Amino acid sequence: MQNSLDLSVAPRGGTPVSPGAHPMAEWLAADSDYREFRRGDIVDGTIVSIAPGEILVDIGGKTEALVSDREVEKMDPGVLQSLQVGAPVRAVILNPEDKNGNVVLSLSQAELDRDWDQAEKMMASGAVFEAPITNHNKGGVIVTLGKVRGFVPASQLTRTRRKNAGPANQPNSLAHLVGQKLWLKIIEVDRAHNRLILSEVAAQRQRNKEEKERLLTELKEGDIVTGEVISLADFGAFVNLGGADGLIHLSELSWRRVNHPNEVLKLGDQVQVYVLNVDRDRGDGSDSV
């Protein structure tokens with residue numbers, strides 16, 4: 001008769017380990033608790049080490065993840081200098097496992113993704129903001145939002161700015177704008193095709209609307225304000241008060257009889273006006289000197 005003998009490996013203390021609780025099984029179970037990463041994953045981690053050409057980040061894996069020397073070289077010096085051990089960072093997985101078994105990270109790619117997120121939020125909210133022109137081409141000018149490059153077509157520049165540019169068929173017609181800041185509004189975001197389109201015209205329209213609402217709220221009868229003559233008509237002159245346009249009726253232009261506003265005013269004149277009435281329901285005002 002063949003004898004059957006059941007065995008169990010005892011730990012060093014001599015206490016048998018129950019069947020099904022083999023140390024190897026426990027190790028495998030613990031190992032499976034670590035997160036599995038895929039290329040392109042966005043992860044949050046903590047910097048555990050900074051050395052020349054190498055940054056180690058704890059992202060909850062089996063070992064610390066590595067920001068490669070090539071990635072470090074591409075980073076903005078100011079951003080690189082601001083990194084500290086223990087600081088939280090966001091990164092993108094470039095390689096879940098290189099030939100040495102390391103998870104390879106990109107911090108700059110995460111910054112780019114964050115800037116795209118911000119651009120999408122700004123478009124959704126209709127935000128108007130100021131950004132510098134960093135470059136130009138024949139079709140328009142280029143601005144930057146963090147690490148994202150945006151394009152302002154020449155058709156989306158204000159009429160005044162286009163008027164001051166050189167001939168449209170010249171490649172350097174917009175060169176003089178480089179370095180200037182524009183008030184802009186995002187009108188298209190296409191992250192998949194790396195396309196960000198902005199408009200100075202839309203931003204100006206919104207700023208004018210907001211300024212007009214503010215001005216009509218603050219103006220009251222009896223105020224004396226300064227404005228610019230922007231239009232002349234048979235019945236009077238229109239004056240821009242810095243956001244809202246007011247009308248000076250022909251009879252209010254002068255103490256003497258006036259047959260046409262051009263007898264006493266011309267376009268571009270700066271004039272002081274007395275506010276006779278503000279019609280907030282219509283959204284315009286009637287001003288008198």
Side-chain angles (χ1 to χ4, degrees), residues 37-45 47 55 57 59 65-84 87-96 103-158 161-162 165 171-207 210:
F37 301 106
R38 294 176 300 178
R39 188 184 304 272
D41 282 351
I42 299 176
V43 295
D44 292 310
I47 297 176
I55 300 173
V57 181
I59 58 172
L66 172 69
V67 181
S68 69
D69 54 351
R70 179 183 297 181
E71 171 72 13
V72 172
E73 289 173 2
K74 293 192 301 182
M75 292 178 65
D76 181 272
V79 173
L80 185 60
Q81 191 173 9
S82 69
L83 298 179
Q84 296 180 351
V89 290
R90 175 159 290 188
V92 171
I93 304 292
L94 291 183
N95 189 346
V103 177
V104 182
L105 303 176
S106 169
L107 300 183
S108 59
Q109 183 63 45
E111 290 180 1
L112 182 63
D113 286 343
R114 182 186 60 211
D115 291 339
W116 276 112
D117 289 342
Q118 181 66 17
E120 290 174 345
K121 292 176 182 177
M122 293 171 75
M123 180 175 175
S125 68
V128 172
F129 56 94
E130 205 172 17
I133 298 174
T134 58
N135 210 333
H136 72 97
N137 57 34
K138 185 178 179 180
V141 297
I142 297 165
V143 298
T144 55
L145 275 70
K147 289 188 173 296
V148 177
R149 282 161 53 94
F151 183 64
V152 185
S155 61
Q156 293 299 326
L157 295 171
T158 59
R161 211 174 295 281
R162 293 199 306 271
N172 294 321
S173 62
L174 301 173
H176 69 286
L177 296 179
V178 174
Q180 295 184 22
K181 288 186 176 182
L182 302 182
W183 285 99
L184 298 167
K185 184 175 181 178
I186 298 173
I187 58 175
E188 182 181 348
V189 177
D190 186 346
R191 189 189 302 215
H193 295 90
N194 198 33
R195 180 179 172 88
L196 178 67
I197 307 298
L198 307 98
S199 171
E200 184 186 26
V201 172
Q204 184 185 60
R205 189 180 299 123
Q206 182 164 320
R207 292 184 75 207
E210 292 172 352

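These numbers come from the heavy atoms of this one structure, side chains and all, not from hydrogens, waters or symmetry mates. Throughout, residue positions are numbered sequentially from 1 according to the sequence presented. Keep in mind that what you see is a predicted model, and the values were worked out from it rather than measured.
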Rounded to the nearest 0.5 Å, what separates atom CG in Asp113 from atom CZ in Arg191? 5.5 Å
Can you find a heavy atom in the side chain of Leu83 that is under 4.5 Å from one in the side chain of Leu107? yes
Taking atom CD of Glu188 and atom NE2 of His193, what is their separation to the nearest 0.5 Å? 10.5 Å
Kindly give the heavy-atom pair with the smallest separation between Gly45 and Ile59, and that separation in Å. CA-CG2, 4.1 Å
Would you find a donor on one side and an acceptor on the other, under 3.5 Å apart, between the side chain of Arg39 and the backbone of Leu94? yes
Heavy-atom donor-acceptor pair, Gln206 side chain to Gly126 backbone, under 3.5 Å: yes
Could you walk me through whether Val67 and Ile47 pass side-chain contact (heavy atoms from CB on, under 4.5 Å), step by step? CA-CA 10 Å; Val67 181; Ile47 297 176; over 6 Å; no
Nearest 0.5 Å please: distance from the CD atom of Gln204 over to the CG atom of Leu157. 11.0 Å
Check whether any side-chain N or O of Asn135 sits under 3.5 Å from a backbone N or O of Ile142 as a donor-acceptor pair, and report yes or no. no
Does the side chain of Pro88 reach to within under 4.5 Å of the side chain of Asp44, using non-hydrogen atoms? no
Please give me the minimum heavy-atom distance between Trp183 and Ala203, naming the atom from each residue. O-CB, 3.3 Å
Got more than 12 heavy atoms from elsewhere within 6.0 Å of CZ, Arg149? no
Please walk me through it: do Leu177 and His136 pass side-chain contact (heavy atoms from CB on, under 4.5 Å)? CA-CA 8 Å; Leu177 296 179; His136 72 97; over 6 Å; no
Would you indicate whether the side-chain heavy atoms of Val141 and Gln180 approach each other to under 4.5 Å? no
Smallest heavy-atom separation, Ala110 atom then Ala91 atom, equals CB-CA, 3.6 Å
For atom CD of Gln84, decide whether the heavy atoms of other residues, nucleotides or ligands shown that lie under 6.0 angstrom number more than 12. no
Please confirm whether the backbone N or O of Ala202 pairs with a side-chain atom of Gln156, one donor and one acceptor, at under 3.5 Å? no
Distance in Å, Ile186 CD1 paired with Ser199 OG, rounded so as to fall on 0.5 Å steps: 11.5 Å
Nearest atoms (heavy-atom pairs only) where Phe37 meets Pro96: O-CB, 3.5 Å
Is it the case that the side chain of Glu200 and the backbone of Thr158 share a donor-acceptor pair, with hydrogens and angles ignored and the cut-off at 3.5 Å? yes
Hey, which of Leu198, Leu196, Thr134, Val148 is the one that makes side-chain contact (heavy atoms from CB on, under 4.5 Å) with Val143? Leu198
Rounded to the nearest 0.5 Å, how far does CD of Glu111 lie from CZ of Arg90? 12.0 Å
Looking at CG of Leu182 and CZ of Phe129, how far apart are the two atoms once the value is rounded to the nearest 0.5 Å? 10.0 Å
Mind checking whether Leu112 and Val92 have side chains closer than 4.5 Å, heavy atoms only? no
Minimum heavy-atom distance Leu184-Ala131, with the two atoms named: CD1-CB, 4.1 Å
